[in-house]
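Working notes, structure below.
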Protein chains: 6
Amino acid sequence: MNVLAFGEVMMRLAVPNYKMLEQTESLEMSFSGTGLNILSSLAHNGVKTHLLTVLPENTVGRTARSFIRKLGVSDERILMEGQHMGSYFLEMGYGNRPSEVTYMDRSQSAFCQVKLSDEVIKTALKDIELLHICGISLSTSKQSRENALNLARIAQELKIMICFDFNYRKSLAKADEHDILINSYKKMLHYSNVVFGSEKDLLLLLKIEHSDEEQVEVLYRKFMKEYHVSFFGGTTKVNEGNRKILQGFLANQSDIVYSKKREIISFDRIGTGDAFAAGILIGLIEDWTLQETVEFASVNAQLSYTTYGDSPIISRELIQAKLIDENIDIIR
Amino acid sequence: MNVLAFGEVMMRLAVPNYKMLEQTESLEMSFSGTGLNILSSLAHNGVKTHLLTVLPENTVGRTARSFIRKLGVSDERILMEGQHMGSYFLEMGYGNRPSEVTYMDRSQSAFCQVKLSDEVIKTALKDIELLHICGISLSTSKQSRENALNLARIAQELKIMICFDFNYRKSLAKADEHDILINSYKKMLHYSNVVFGSEKDLLLLLKIEHSDEEQVEVLYRKFMKEYHVSFFGGTTKVNEGNRKILQGFLANQSDIVYSKKREIISFDRIGTGDAFAAGILIGLIEDWTLQETVEFASVNAQLSYTTYGDSPIISRELIQAKLIDENIDIIR
Amino acid sequence: MNVLAFGEVMMRLAVPNYKMLEQTESLEMSFSGTGLNILSSLAHNGVKTHLLTVLPENTVGRTARSFIRKLGVSDERILMEGQHMGSYFLEMGYGNRPSEVTYMDRSQSAFCQVKLSDEVIKTALKDIELLHICGISLSTSKQSRENALNLARIAQELKIMICFDFNYRKSLAKADEHDILINSYKKMLHYSNVVFGSEKDLLLLLKIEHSDEEQVEVLYRKFMKEYHVSFFGGTTKVNEGNRKILQGFLANQSDIVYSKKREIISFDRIGTGDAFAAGILIGLIEDWTLQETVEFASVNAQLSYTTYGDSPIISRELIQAKLIDENIDIIR
Amino acid sequence: MNVLAFGEVMMRLAVPNYKMLEQTESLEMSFSGTGLNILSSLAHNGVKTHLLTVLPENTVGRTARSFIRKLGVSDERILMEGQHMGSYFLEMGYGNRPSEVTYMDRSQSAFCQVKLSDEVIKTALKDIELLHICGISLSTSKQSRENALNLARIAQELKIMICFDFNYRKSLAKADEHDILINSYKKMLHYSNVVFGSEKDLLLLLKIEHSDEEQVEVLYRKFMKEYHVSFFGGTTKVNEGNRKILQGFLANQSDIVYSKKREIISFDRIGTGDAFAAGILIGLIEDWTLQETVEFASVNAQLSYTTYGDSPIISRELIQAKLIDENIDIIR
Amino acid sequence: MNVLAFGEVMMRLAVPNYKMLEQTESLEMSFSGTGLNILSSLAHNGVKTHLLTVLPENTVGRTARSFIRKLGVSDERILMEGQHMGSYFLEMGYGNRPSEVTYMDRSQSAFCQVKLSDEVIKTALKDIELLHICGISLSTSKQSRENALNLARIAQELKIMICFDFNYRKSLAKADEHDILINSYKKMLHYSNVVFGSEKDLLLLLKIEHSDEEQVEVLYRKFMKEYHVSFFGGTTKVNEGNRKILQGFLANQSDIVYSKKREIISFDRIGTGDAFAAGILIGLIEDWTLQETVEFASVNAQLSYTTYGDSPIISRELIQAKLIDENIDIIR
Amino acid sequence: MNVLAFGEVMMRLAVPNYKMLEQTESLEMSFSGTGLNILSSLAHNGVKTHLLTVLPENTVGRTARSFIRKLGVSDERILMEGQHMGSYFLEMGYGNRPSEVTYMDRSQSAFCQVKLSDEVIKTALKDIELLHICGISLSTSKQSRENALNLARIAQELKIMICFDFNYRKSLAKADEHDILINSYKKMLHYSNVVFGSEKDLLLLLKIEHSDEEQVEVLYRKFMKEYHVSFFGGTTKVNEGNRKILQGFLANQSDIVYSKKREIISFDRIGTGDAFAAGILIGLIEDWTLQETVEFASVNAQLSYTTYGDSPIISRELIQAKLIDENIDIIR
C-alpha cells in the first residue's frame, strides 16, 4: 500500500545533554512534523510512504530532503520553492522539569506561502491508497488551510481513504480566525475516514453536546455518527502515584476497545501521539483486530517516549518483543 | 535593588556522560561558587547583581569573567590578581551511584591569597543594598577569613543588609583551627540579618543547647534570638520509599513556615541549596509572604536538581508554571 | 570612552568539522553582526562598549543576550520585542573550497520590524562618544533604514562622532529600491566622520567619477572631500602565487598610509573586515599615528582569519607579540 | 596474588546519547569480554592481573592492548596474530526500552582461529595462582574450545585454582554441536574450583535432576557435589512493582548465604554479572566471610549498572561507602 | 537516465580530529565503496541512481541502507542477506603525515558470500541505461568475481552501456590467483564501453607492450583499440615544489584532452578518483564536449579532496562557481 | 633494555577545534611531561620503559596513571602522595596564530613537594640501563632539584647511563636563584653521558666562550670535552619563504652529522623536541650509525608536529615508510 502524508516539516534544533539554550553553543538538528513522523513509523514497519510538503530551494531544503529519505520516506513528491522554513528550539526536560519549545517564524515558510495547484495535487496522489492530513495545516496560514482542504477534496473524488489528525494547538489559532478555523475543521472531518483526537477536541472545538453524566464513549459515538467517521482513536495520560500511565482507545462503527495501561518513561517527549496514530494505521492496513491494533499502537507510543527525535523509528520486531515480555532488558 | 555577593569562584571540570574520570579525555568546564550561584539565580529573575571575588590575571581568569557575565552577573567589581584559581573534578553520579568531587589545590588561589583593602571593599559596596557572604570563605584561608569579616564589618557600618550562609564543610576545617573557625562564625552571625543553615549547624558548630524532646522550632528560635537574625531558612531531605523528598522552611521573628514536600529527581546534584537560598532572597526582595517565598524557593531548588551546572538558571516563568501544574510535561 | 554600535544580530549556525550541512546533525550556534563584531574586538582591547539592537523577547533572544555579554559587550541598551530573529547557516570552506552561507528569513526579524522611537534612541546614546552604524541596516528593511538614519541624525545633533561601514551587499539590495538605497547611503555619509569601505563602493555605489589613469588615492580624496569624512580606511586582498595577501589602508585629511602586506591563512573567513575596522577605531581612540593604527588593524584582521567565530576576540598582547615577531610559534 | 583470565576481547561500538544506530554517525569504541571485565574489577581493587587472549597484529589489536593496559590489566601475555577481531554494536536502552546488541563476524577472529600451544600456555601460567575461564570460549569455535580445555588441563596439573563462569548463551550454540558443547562444559566443570552460574544452567544445560518441590539450594548442593566445586555463586533479578531488584548468593561446601536485595537503576546494562563474579573473587582472595563477600559483590554489581562500559571500574572505597550509607548522594 | 552501480559497501570508521586510533574512544561511522561514491556524486548532480549490493539483514545493514538513501541513491535494488559486512578503520593524515587504513575481515561479508542469480540481476537492471562496475569486486572473493562478470554479461545482452573502473589494489590480489584475476579483468574490459584507469594498469596488469620512447597517448590508443573501449579517462598526480597537483585526461576514439592542472589541498583523501569518474559520467550523460567534461571532472576531484567522507557530494553550482573563479572564498 | 625517566607529569587541558579558552566549555584532558613524552616514543618503538614521578593519591592521580599505562609506559615505579598536580591550558594555534600556554599552580604539586629517599631511588633504578632526566626539574622547586641531583648521583654510582635534556625555560627560573640553577645544571652535566640542547644553552646558560667567527661545531666540541659528554644532539628551526624547516644534529666524540632539512606542518606544536630526543635514543640503543640515527629522529620530530598530543606515538613502520617515500599519501 502507498501512503501519502501532507504537512509542514520544521527544523528542530535541540539542546544536547538536557541543558538550557543559554548553556550551549551546540545544537542537534533534525526535521519533523506530524505527517513526516507518521510516515517514518510506517516506513520502519514496511509500508511504502511519500511526503507531500514544500521545502525551500536551498541547502537547508535539500538537507531536509536527505533527512526525510534517511527515515525511509520518499521525497519525490516534495516541492522545492521559496527560501525559508520554520524552525523550533527544544530544551529537553529532565525528570520533573518540563521540555520547553520556542518557535521561530513559521508564517513565512515555503510550506505556508506556496499554493498547491490541482495538477500538483493530482500528481502527488498518483497510486496513493491512504492519505494523512495533519490538522495543524488548518491553523498555520490561509494558504496552508486552502491547500489542505483542496487536497482532501480531490482525494475524496479519487476515492482515496483519508486519515485526519485534530492536532489542535490553541497557541497557533489566531483569535480573529477562530470561526474560520472551526469551519475548516468541520469541512475536513466530512472528508475523513479515520480520525485521531481526544475528548477535548470534540467538546471544545466541535462543541458536541455532552453531559457530564454520560460516558465518554457516548460522545465518541455522536462524533463518529455526525461526521461519518469509520475509525476514531487517541490516547489518554494519567498519573498514578509518581508513575505516568498511557492508555490508547480505538473505535470503529460498532466497537470501542482500550489498550493495557502502560508506564511512560520519558527520554524525548515529542511525537509520541504520532507514534500511536501510526501504530493504528499499521493495524488497519494489515487488517488486524481492533484489540491487536490498539495494543501495538500503544507500545509504539510507549517506546517512542524512550527514543531520540520526534519521528518514531521503532520497528515491529521490538514492539512484538515488548508485547511478549514487558520487562525485557537486553536483546542479543 | 543591587545585590553583591562575596565568595570564591572555582573552575568545575565535569566528566561528561556519567563516566568516571579515568574513562574520559574530555571535560566540561564551568565556573561556580556559592556567591556566584546565588547571584545567577537572582539575575535570572531580574535582580541586578555584582560579584566580589579575586580571579587570576591571565587567560583562565578572563575566561571565568566571561562565564560570569554570561550568567547575567556584573564582573565589574572583580579583582584580577595572581596566577592561580582553585578547581575541582566532578564525576556525576547516576541513579544510586553518588557524585564524586575531587579538589585540586585551593589554598594558593588568588581568592585565598589576596588581601582586600578597605578602599577596595568600599568601592565594591557602592549602591549595594543586600550583601551575601558564603561561610566557606571562613575556612579556606586566614586571608579569606579576614577579608570576609572585614567586609561584613564595613557593610554593617554602611547599614547594608547582610545575608550569610553557614555552608560548613567539615573536610575544609583544619583540626587545629577549629576554635578560630567557630569564633569567626559567631562573629559573622552577629553581623547577619538573613541566615541559611540547618539544625546540624546550630547543634554541632554553635553548640546551642537543645534537648531531644524539644521541637526543632525551639532550637531555631533560640538561635535567631541569640544572634538577632531576622530570617532563618533551609531545607531538609528525606527518603520516602525509593523517592527522595525535599522540604524547605523559613522563619522570621514571629513565624515559621514549611513548603510542600517535593520529589527530587537528580540530574546535577550540586548548587541546589544555593537555588533555595536565592529563591528566599527573591521573596524577601519582592516582599512576598513567608509561604509564597518558601514555595517559590523550594521549587527553584527542586528544578535546580534537574538542570546542568552548579549555578541555578531557572526563571520565574518556569517556577510559576510548575507551582500551578506540578505535572506539566511540555511548555510550548 | 563609551562606544555604541547599532546593527542586526543574527544567529549563526555553523556546520562543525568542515562538513556540508547534509552531512551533519550537529550545529554550532553563535551570534554575530557587524556592530557586535566591532564591539567584541573593542571590548577585548579595553574599550567600554554597548550594543543597540532588537532581539526577540523569548529564550532565543535571551540566549543571544547572554552571548553578547560573554563577549564583554553591555546588553543593557538592547530592546526585547517580537518573536523572531534572522539566522544563517555556514558551511566552512577548507583549503580551496569556498565557505557557503545560506540565509533564513531575515525580513521578519525583530530588528527589521521594530521602530526605534526618538526616546529610545536618546536613552541609548546617553554618555556615548563614538557611534558605529553598519550599512547593512540600510538594505534589510524600510524600518531598519529609517531607524539607522534617525539614529545618525540624533547622534549628530548630540555631537557624537559617527563611524559608518559601507558593507554593501548586492544580494541584499532589492532591484526596485536601488535609488532609495543610494540616497540613504549618501545621507548617512554626510553624518559620518569615520568611514570604512573600498574603491568599489565609491565607484559602483556612489558613482564618483574616476578615470582609470588616476591613482586610487585621488578617488579616496574626492570622496573624503565631498562627504567631509575625517578618516577613511579599508583592506585589499590579492593572491601572490598560492598565498593570499591582505593589506590595509587608512587616510585622514592630509595623509594616506598602507600596512605591510600580510599572509592570510584561513580558519574561519567571516568577520575579518570588522576586525580591521575595530583595529582602526582602537588607534583613533588611543590617538596613535596613522601607521601604528593601520599595522595594528591589519594584524587584527590577519589573526581574525585564524580564530573561530565572526566576532574578533584577539587582545592587544597577542597582536603586539605578532608585530614584534611574525614567526612566533608558541607563547608560554 | 597473580590472576590470569582467558577469554575473547571484542570491540564494542556503542551508539551515544541513547540513539538507535540509524540515528548516529558517531560511535563510542571500547573493548570488553568476560575475562577482561573481571580482571578490570580485580585490578581496580588492588589485585595483579594478566589477560591471556589473541588480538590481531595491527592498529586495531594494538589499540585494544592500550585499552586493556589503561584498565590496569597487564597485556604482556597477550598473543598478537591474525588480522581480525570480533565486534558488536550496542544500542543502549532507556527506561523500559531494552538495549539491543548486534554482533559482527566473530568466528574469523584471531581469538577463534589461533591455536595456543602448550608452551604458550605454560608461559602464560607462570606465577599464576588463580585462573579464570569464560564459558563463552566453549561455544565460539572448535579452536577456542580446545584452547580453553587445554588451558584448564595444564592449569590443574600445575595446581592453579580454576574459576569458571557458565555464561551460556543459547544464540551462540550451533544446533548440531549441542552434545559436544554439553560435554565440554562438563569436562571444564571437573577442572573447576569456583563456579558462577544459575539455576537454569544446572537444569537446562547439565540436566541435573530436580523436582519442583525441592528448594533451589538442594539443586546447588547436588551440582557442587557431583563436580567437586568448592564455591558456587550467582545472582537473581526480580521486579517488585516498578523497581528492579538484584540479589546475590554464594555457597561453599557447608553454607549458602544471600545478599540484601538491592535496587537496580540501569545506565549501562552489560557486564554486571562479571562485576558480581569479580566481587566474589576479591572476597575469596582476601579471605572474607561468605556474607561479607556476597554483600560486597552485590554492591559491585549494583554500581556497575550505573557506570559506563562493560568492564567494572568501581574500587572498594566507593563500595564500602555505599555499604555504610545506601543513600549517599555526594562524596567530597 | 537511470544509472546502476554494482560494488561492495563497507563501513568506514574514521578517527576524529586527526588523532590515531589509540588516542580515541570515539569513531565516526559512514558507509562507502566505489560504486556508491560514484552514484552519490551523480545523484548530487541530478541523475537517478540505484545501487546493487548485498548488505547484512540486521541493524547494521539497515543503517547502511538509510545512509545510502540519505546520499540520494535508491536502495530498492539492494539485497539483504547474511550477518556481516566489511569495515575499515581510517586514521586521517595531516599535512605531510599519510592517512592510514586498516581493514577488518572482508572475505566473510554478505557481499563476498552471496550469489546473485540471473533473476536478481535482471530485476536489478530493469530500466537501467548505464551500469558501473568496480574492479575491486574481481579481487575480493570468487563469488564477487563471478557475480560481477555475470552481471556484465547480462547487461551487455540487454545493450546497457557498461562503465568499468580498474581500481586494481595489489594488496587485495592473492598471489596464487593472479592469472585468474588478469583474465577476469580482460573479460570484463571486453564488456566495457567506458573505462577508468591509469598507465600503470595498462602496463603492469594488462602487460600491453609499450616502449619508453613512445608517448603515453600511444599506449592509451593501443588499449582502447584492443578492448573496443569508447572512452578512457583517469588522473595523474605530481608534486610541484611543496604543492600537489592533479590533472585529468579523457580520450574518445579520436581525441585525447587534458584538464588544467589544479592544486590539491587535502582534508579527506579517499574517494577522489571516484569523484573524477563521476564527473566524466555526468559529461557523457549530458553530452558535453570532451574538454568541458574533463574540466568539470577534475574540479569535482579537486573539491572532493576538501570535503568529508569518501562519497563525493559536491553539486554543479559549486563546481561551476569554481570553474569561473578559482579563488572564490565565500559564496553567499 | 629497561629505560627509566624522571620528570614531572602535568595535566594538559587543551581547547578543542582551535578555539580560544573563552570560546569553549569543553576541554580535552591529557597528561604529559618531557620524561613521559620520551618514554612514550620509546615504548611505541619496542623499548621497555618506566616512569619515576610523583602523582597525587586521588582520582586525578589514578587517572594520570591509567593514561601513562595506556601510552605503554610502566607506572609501577610511580609514587602516589599528596593531593595536587600541576596543569596547563593550551590554546592551539592555527596557521600564523601562535599556540598559547597558561600554567596553573605548579609549585605545590606532589612532584615539587615530595622528597625521594635514597631507598625509593634505588628501588626505582632496579634493572635500569638508561636513565633520562629532564632539566625542568632543576627549576621547578628546591625539592625537585635535590631529587634530580640525588637521582643522578646514585645512578652514576650504579654505572647507569644518564641522558640529560637542558630544556631550560627562562620563565621558570626565579631571578634570585639564577646562580644556584647554573651550578646545578653544571653538576648534572658532569653526571651525564648523552645530552640534548642547543647553541643558546651553551652560550647563555653555561657561558662557554665562543667567538662569532668560530663555527658552531667548535662550540659543541668545547662543551662535550669540558663535561665529558659522549653524545650531544638537538634541532634547529628556520623559515624558508613561507615554509618552516627543521634540521637535527648529532655529535659523538669524533663526528658530527646533520639530518636532511624537512618541512614542518604543524597540527600540535608541543613535544616535538622530545620526539627528536627519543629518536636519537632509539638509534643509540639499537646501535645505528650517527646518520641513520639523526634521520630517524628528525622524521620522528617532523611527524610529531602532525599528531595530537605532547607525547609522541609514532612507531618505526610509519617513520621508515616516510624515510623511503617522503610524499606518501595513504597507507593501506
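Each chain gets a letter, A, B and so on, in the order the sequences are listed, and its residues count up from 1.
Heavy atoms closer than 4.5 Å to chain F are found nowhere in C/Phe67, neither backbone nor side chain. Looking at F/Asn96, both its backbone and its side chain come within 4.5 Å of chain C, counting heavy atoms on both sides. In this structure, the portion of F/Lys244 lying under 4.5 Å from any heavy atom of chain C is its side chain and not its backbone. For F/Tyr103, the part sitting under 4.5 Å from any heavy atom of chain C is the side chain, from C-beta outward, and nothing else. Within the 4.5 angstrom heavy-atom criterion, no atom of C/Arg262 approaches chain F. For F/Glu91, no part lies near chain C; criterion is any non-hydrogen pair under 4.5 Å. For chain F, no part of C/Ser30 is nearby; none of its heavy atoms comes within less than 4.5 Å.
At a threshold of 4.5 Å between non-hydrogen side-chain atoms, the residues C/Lys70 and F/Gln23 do not count as touching. C/Glu28 has its side chain within reach of F/Asn17: a pair of non-hydrogen atoms, C-beta onward, lies under 4.5 Å apart. No side-chain heavy atom of C/Glu317 sits under 4.5 Å from any side-chain heavy atom of F/Glu100.
Heavy-atom neighbours of chain F within the stretch residues 323-332 of chain C, taken at a separation under 4.5 angstrom, comprise C/Asn327, C/Ile328, C/Asp329, C/Ile330, C/Ile331, C/Arg332.
The shortest heavy-atom contact between F/Tyr94 and C/Ile265 is CE2-CG2, 4.0 Å.
How far OG of C/Ser315 is from CD of F/Glu22: 8.5 Å, rounded to the nearest 0.5 Å. To the nearest 0.5 Å, atoms CZ (F/Arg97) and OH (C/Tyr305) are separated by 15.5 Å.
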